[in-house]
Amino acid sequence: LEKKGALTRQPGKARAFTLPPGPPKPALLSIPVFGVIPAGLPSANQQEIEPDETVSIDATSLGLRRNARIFGLRVKGDSMIDANILEDDIVFLSPREPSPGQIVAALIDGESTLKRFLQKHGQPFLRAENPHYPDLLPAAELIIQGVMVGLLRRAA
């Protein structure tokens with residue numbers, strides 16, 4: 001068992017063994033879920049934190065540091081189904097600047113939505129991952145609230 005690493009011999013003692021240190025405990029993030037994000041046509045939803053709604057996730061499973069700033073939003077709608085984001089999933093987002101091709105929570109002309117961030121000729125726009133929805137071009141402003149870093153799907 002010692003050769004296989006299952007036991008460690010204590011130095012200076014004939015028959016004293018200990019268990020080797022186990023894997024490190026996961027670094028759990030307690031992520032607040034701020035409400036709902038439309039995955040359909042944009043709407044004027046305001047995300048508000050619900051005091052009892054948090055999700056604990058192992059930071060390494062999302063590839064994040066323990067002190068990462070993350071928030072969650074519950075998805076409502078079907079505009080992101082081809083990206084495998086379904087209604088009632090919780091998307092985890094990080095407030096940062098997006099790169100083209102990333103999925104973002106955005107305010108487009110004052111209305112919130114979850115879409116893919118793209119650019120054409122230097123102009124940003126949002127695209128659904130469902131062919132039944134049009135591309136969204138901002139008339140006045142496009143504010144990125146967060147870039148998607150993970151997803152949680154509740155078992156049915």
How long is the straight-line distance from [atom2] of [Y] back to [atom1] of [X], given to the nearest 0.5 Å?
X      : Y      : atom1 : atom2 : answer
Lys115 : Ile144 : NZ    : CD1   : 12.0 Å
Ile103 : Leu151 : CD1   : CG    : 9.0 Å
Ile31  : Thr54  : CD1   : OG1   : 9.5 Å
Asp58  : Leu28  : CG    : CG    : 6.5 Å

Asn84: side-chain hydrogen bond (donor to acceptor under 3.5 Å, both in side chains) partners, not counting sequence neighbours: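 Listed in chain order: nothing, the list is empty.
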Report yes if the side chains of [X] and [Y] come closer than 4.5 Å at any heavy-atom pair, otherwise no.
X      : Y      : answer
Phe92  : Val55  : yes
Pro131 : Asp82  : yes
Leu107 : Gln145 : yes
Phe117 : Leu142 : yes
Glu141 : Ile143 : yes
Asp78  : His132 : no
Glu87  : Lys76  : yes
Leu86  : Met80  : no

Please determine whether residues [X] and [Y] belong to a single hydrophobic cluster, defined as Ile, Leu, Val, Met, Phe, Trp and Tyr linked transitively by side-chain heavy-atom distances below 4.5 Å.
X      : Y      : value
Met148 : Leu118 : no
Ile70  : Ile57  : yes
Phe125 : Leu136 : no

Could you pull out all residues at least two apart from [X] that satisfy salt bridge (charged side-chain N to carboxylate O under 4.0 Å, His left out)?
X      : answer
Asp109 : none
Arg9   : Glu2
Asp89  : Arg153
Asp135 : Arg127

Please check if atom CZ in Arg69 has more than 12 non-hydrogen atoms from other residues, nucleotides or ligands closer than 6.0 Å.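 12 or below, so no.
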Over all atoms of both residues, closest heavy-atom pair of [X] and [Y]:
X      : Y      : result
Ser79  : Gly40  : OG-N, 3.2 Å
Leu114 : Ala105 : CD1-N, 4.1 Å
Pro124 : Pro138 : O-CD, 3.5 Å

Quick one: does Arg74's side chain have a donor or acceptor within less than 3.5 Å of a partner on Val36's backbone?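 No, Arg74 side chain to Val36 backbone: no donor-acceptor pair under 3.5 Å.
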Any donor-acceptor pair under 3.5 Å linking the side chain of Glu129 with the backbone of Ile81?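 No, the answer is negative, given that no donor and acceptor are paired below the 3.5 Å cut-off.
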Non-neighbouring partners of Phe71 that pass ring-ring contact (aromatic ring centres under 6.0 Å, His included), sequence neighbours left out: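 If we apply the ring-ring contact (aromatic ring centres under 6.0 Å, His included) test to Phe71, skipping adjacent residues, the hits are Phe34.
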Could you go step by step and tell me if Val75 and Ile90 meet the side-chain contact (heavy atoms from CB on, under 4.5 Å) rule? CA-CA 6 Å; Val75 176; Ile90 296 176; over 6 Å; no
Partner of Leu93 under side-chain contact (heavy atoms from CB on, under 4.5 Å), chosen from Ile37, Val104, Leu73: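 Among the candidates, only Leu73 passes.
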